[in-house]
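Take a look at the structure below.
Lettering follows sequence order; numbering is per chain, from 1. For the numbers below, each heavy atom of this structure counts, side chains included, while hydrogens, waters and symmetry mates do not.
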Protein chains: 4
Amino acid sequence: MNKKKIAIVGASGYSGEVLVQLLLNHPHAELVAVTSRQNTGLTLAQVFPKFAGHPKSKAIRFSEPNAEVVTKQVDIAFLALPHGVAAEYAVPFLNAGCVVIDLSADFRLKSPEVYKEFYAHDHSAPDLLKKSVYGLPEIHREQIKKAMLIASPGCYPTSVLLPTIPLLKDGLIKPASIIADSLSGVSGAGRKAELDYLFCECNESMRPYGVPKHRHLSEIEEQLSLAAKKQVVAQFTPHLIPVNRGILTTLYLEPAKKLTQEEVAACYLKAYGNEPFVRLLEGKSLPDTKNVVGTNAIEIGWRLDPRTGRLIVMSALDNLVKGASGQAVQSMNIICGFPETAGLI
Amino acid sequence: MNKKKIAIVGASGYSGEVLVQLLLNHPHAELVAVTSRQNTGLTLAQVFPKFAGHPKSKAIRFSEPNAEVVTKQVDIAFLALPHGVAAEYAVPFLNAGCVVIDLSADFRLKSPEVYKEFYAHDHSAPDLLKKSVYGLPEIHREQIKKAMLIASPGCYPTSVLLPTIPLLKDGLIKPASIIADSLSGVSGAGRKAELDYLFCECNESMRPYGVPKHRHLSEIEEQLSLAAKKQVVAQFTPHLIPVNRGILTTLYLEPAKKLTQEEVAACYLKAYGNEPFVRLLEGKSLPDTKNVVGTNAIEIGWRLDPRTGRLIVMSALDNLVKGASGQAVQSMNIICGFPETAGLI
Amino acid sequence: MNKKKIAIVGASGYSGEVLVQLLLNHPHAELVAVTSRQNTGLTLAQVFPKFAGHPKSKAIRFSEPNAEVVTKQVDIAFLALPHGVAAEYAVPFLNAGCVVIDLSADFRLKSPEVYKEFYAHDHSAPDLLKKSVYGLPEIHREQIKKAMLIASPGCYPTSVLLPTIPLLKDGLIKPASIIADSLSGVSGAGRKAELDYLFCECNESMRPYGVPKHRHLSEIEEQLSLAAKKQVVAQFTPHLIPVNRGILTTLYLEPAKKLTQEEVAACYLKAYGNEPFVRLLEGKSLPDTKNVVGTNAIEIGWRLDPRTGRLIVMSALDNLVKGASGQAVQSMNIICGFPETAGLI
Amino acid sequence: MNKKKIAIVGASGYSGEVLVQLLLNHPHAELVAVTSRQNTGLTLAQVFPKFAGHPKSKAIRFSEPNAEVVTKQVDIAFLALPHGVAAEYAVPFLNAGCVVIDLSADFRLKSPEVYKEFYAHDHSAPDLLKKSVYGLPEIHREQIKKAMLIASPGCYPTSVLLPTIPLLKDGLIKPASIIADSLSGVSGAGRKAELDYLFCECNESMRPYGVPKHRHLSEIEEQLSLAAKKQVVAQFTPHLIPVNRGILTTLYLEPAKKLTQEEVAACYLKAYGNEPFVRLLEGKSLPDTKNVVGTNAIEIGWRLDPRTGRLIVMSALDNLVKGASGQAVQSMNIICGFPETAGLI
């Protein structure tokens, strides 16, 4: 199998760093270009000392994010750029016939109107919204296989959607009842020099933010609506927690009918029994982010509460792997026909 | 004003430590006895180097928890003992005419049956349950004034009850809709040598536990039912978070009728406008545990979600102060007729 | 006793925040002005929600740092400004007859040449260097009593000087042998929006910096030289550690003659036996920053190593209290004739 | 190449966990047995949920640590047992012709007398001390190739020895001058249910321990003496720091003659220029544990201080990888003739 040639555009943030790590070590991919305005000229080893042990880390240098130059070198471009910037970079890569896997929010929604409502500016390439595929492999694998433009899901949405969609599809829960309470590590805020994310502002702190209308609600609701085949409005509260990585989501759901623990288990087993990255927790275990950090796995556990009648579902994932770069590589594996777990743990 | 003489029975855990700190520095209280089986003979300064700067820390030595001896020395006894142990210690103090302020769960419930359901053993002094007063000053101040036996509330319950009770009393929310999602620092688990609470097991971890029927639900539901004047069953999910101190609770509530942000504000203002330890957040602020750690304050913030119709209320407190020892001292101040804020910040 | 009127100029950083806390609660001081360019117009409660429970926190508003206005209101000005900025602010306060207690490095050195060598620019008020007193109360108490301008010591220097000076004065150690290895919490870097101090860059990291010539060496060496009555050149290596507050310094010292553990103890007892904020550790105890954080105490412990002949001395303090704001208040207490421990724990 | 069959005896601690991770994914090794008294009967996936994604994690079950049974199944046994216990397990494996790689301190010293001095009990298999090889590949690679019994070095010793030995061998530093100041993450204390290692006792704390004669000094001094060809007595101070993983060591060394930065660089380049796991830092970089955690790399940086004449050398490694399990696998690779980097990053 010929190795696919890969570029990472905007590789200096936390998810860019994890992408570099995964693609440097991927058996069927060859990282040939990394771009970053502020790191131009530096080697991977200089920017990310952690990877200095990799033989290629001293050979690969960051270049200017010049799409025209980069398109000629690669088969696949990963965009790890800020929201709003990715859209313009995607066009030249797509025109040159490259597959584009975008980690930003720019192509995750089908509706430019909803995009504008949540992101407060017009979409710069609305035509592409129709062509993009929402890169949640466990849900959209068949469409991903044929996609040229992948909108890789957000970290919070992944933690909410994977536990919820099978229940909605099987009609086990009331769509209007969905409440998602999420906890995120600080890397979710990106590598940005802002006071709010200083060590002393985050350490020994727990705090909600973005209440009640966080941007990620837009893609959460669009995907839930698809699964429910009706418009879903959801409740979502993110919190900032002093860990580097991880998302823990607790979902409060009302059953659509009387449910048993076994029916829930059967629903999840049917949906995810063969999924390599979904870990359904049995017995007494409950999700813990420390069990998934550094991996592409999502842990899902659940409890029916006989006292309230509610179904409590909990999920844990690494916001930078299954919630970002690992999931993006998983989509690449599917598009390229590689084993879906290639280069991922 | 004569200083009240105080004993702390079982002063070697985290809430015992904070009690020592508060009572050593209290303007109207004189700490005269501290007991601890394992620390007998040691001075306060030896067990808690942090207080070694206090003049009395070298004079006060831990004694055996011999109630008969201690009762003769003091006016007030704080019990900072494990659940199930406090009940037996309370009796000799009460018989000797001392006020007892218990920080355990032993006297928080009125019903021995509910106690047994949640704590899995018979209550050892069921008659005292009728005499005890639930020590939540903002709700039960008048009863606390006359109490001889205070059951100081749990940390989670305080964070749930203070934001919820005014809404229930004013009929603004549906009692059956209450969902409380809580995050706790690790000191909430006590100073216990268990693998689960080792640094490496907690650091870089976020995890739920005790789902769906944590023991604290019993006192939460009893107090909510009192406020609602009907039986309330609530949803409560605790999570363990890598901070030393703090509880952050996010409440999901369904309005009983169409509500405005102003009506919610008016309800809270009426209930807590003059409360020295309740901080109602205005404007854009949301609760953050780092703003309350080390103080007896609880921060309460809220948002009505026009999209879902739900009312989201968030609270932050220090589990060892407002959630335990500070609140216990607040009850003491009330009982003794001291200014309610004496010795507290 | 009339309360002294106090201004804090530049009160928005971490040590400014602790100064506000200490002075709001000081029995003999009245905080009347706080300045901060970015917070002008806001109340203390708005900028520091943690102090919102204090009655004055809603009455005191930040003003522009206009020295002419502020000088008329106060007896004492604390300057909590960046290095290089404090010098210009000191002049109008001194001219108006106010006592100035400066927390920056601007007045800590006697020599403008050494200042320029370490701080890379000319000193803006070199004449004041002669008038300033280095505010280390345990060493310079008599001079502090009469001072109008206090240069409050740096956090690292305090942790190095207090354990070392008595040994030097008594001729117990070789001056050329002093090696100080120091660990600091992240608040030592100030509240600055820089990538290096983001949560994810500090958490799960341990790193040296400023090797081998950190700026604090200048004041360390000047004070060591004074004590040794000869020029001392010292080794000093700071490290950044993921805690909010605290400094732990380990000193490696060569005895000037054969020493016993008792002789070292006697030296320290003579120097610090009556000092309220110096805690000499006996028995098996070694310093731990968690025993001093939030207090003005410094813990000092020591071991003679019979195998190498070296004396190992270890100290722990809170960089924002004994290492900054607490020590500054201690100097104020001395100047004003208050009890030295007033408002401090 | 036939895969080597591997057992891990005592695989339930932190270094056992990392061994499992490395050997599950090793290209030339097949993990066939893991033992643990308390986990007997459980699968790898149950004990270490983090590895549940690996296909073998549900097939491999923990067995009783019955050496006679296990010896028949394997070519190589890794012992991840407490100090003092490993010695007895080694004998049956060696008798059965297995290679033994021991991660405890039991075989690291040549002298049973020194062992007794530092470990306070007689060695249970003193004859084996002569046969064991100290598994520091960069120093003893040739002996490792032929060894049947590897004593894999301690985490602190690795961080001290690799930066120091080349300088000693080349006569660049005075052997009597070596001072090692080390910081360790809490996993270094092992997975033990002790109060000292609870989250709340370690978080927001920095503290020295084991001063001045920590057990690891014995192997540090034996190896330094070998390199210096004379008896070396060293100074070593460990500190406990609130991170999960990592060791940062700062060395204070006196040059044996006038040195330049280039001579030091040349010495290190000669020693380690071709070493895959030693990263010599150039330019302004200094070691940071976050650059090595999760890898088998050690970072080494250095500065000559023109003011004091001392050479400051700093190193960073992951205590569980290069300081324990990764280094043990590196030795296995050498013994078996695999590429030395196989299965390691």
Pick one of side chain, backbone, both or neither for B:Asn296, based on which atoms fall under 4.5 Å of a heavy atom in chain C. neither
Please classify the contact between B:Gln46 and chain C as side chain, backbone, both or neither, with a heavy-atom cut-off of under 4.5 Å.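 Neither part; nothing is under 4.5 Å.
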Any sub-3.5 Å donor-acceptor pair from B:Lys290's side-chain atoms to C:Lys50's backbone N or O?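 No: the side chain of B:Lys290 does not pair with the backbone of C:Lys50.
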Of all the heavy-atom pairs spanning C:Glu299 and B:Pro49, show the shortest one and how long it is.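 Shortest heavy-atom contact: OE2-CB, 4.0 Å.
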For chain C, the option from B:Val293, B:Ile345, B:Thr295 that forms the most heavy-atom pairs under 4.5 Å: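 Highest number of heavy-atom pairs under 4.5 Å: B:Val293.
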May I ask you to name which of B:Ala45, B:Gly53, B:Ala297, B:Ala52 has the most heavy-atom pairs under 4.5 Å with chain C? B:Ala52
For B:Gln38, I'd like to know if atom CD has over 12 heavy atoms of other residues, nucleotides or ligands within 6.0 Å.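 Counting neighbours around CD of B:Gln38, more than 12 heavy atoms of other residues, nucleotides or ligands fall under 6.0 Å, so yes.
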Select one option (side chain, backbone, both, neither) describing which atoms of C:Asn203 are under 4.5 Å from chain B's heavy atoms. side chain
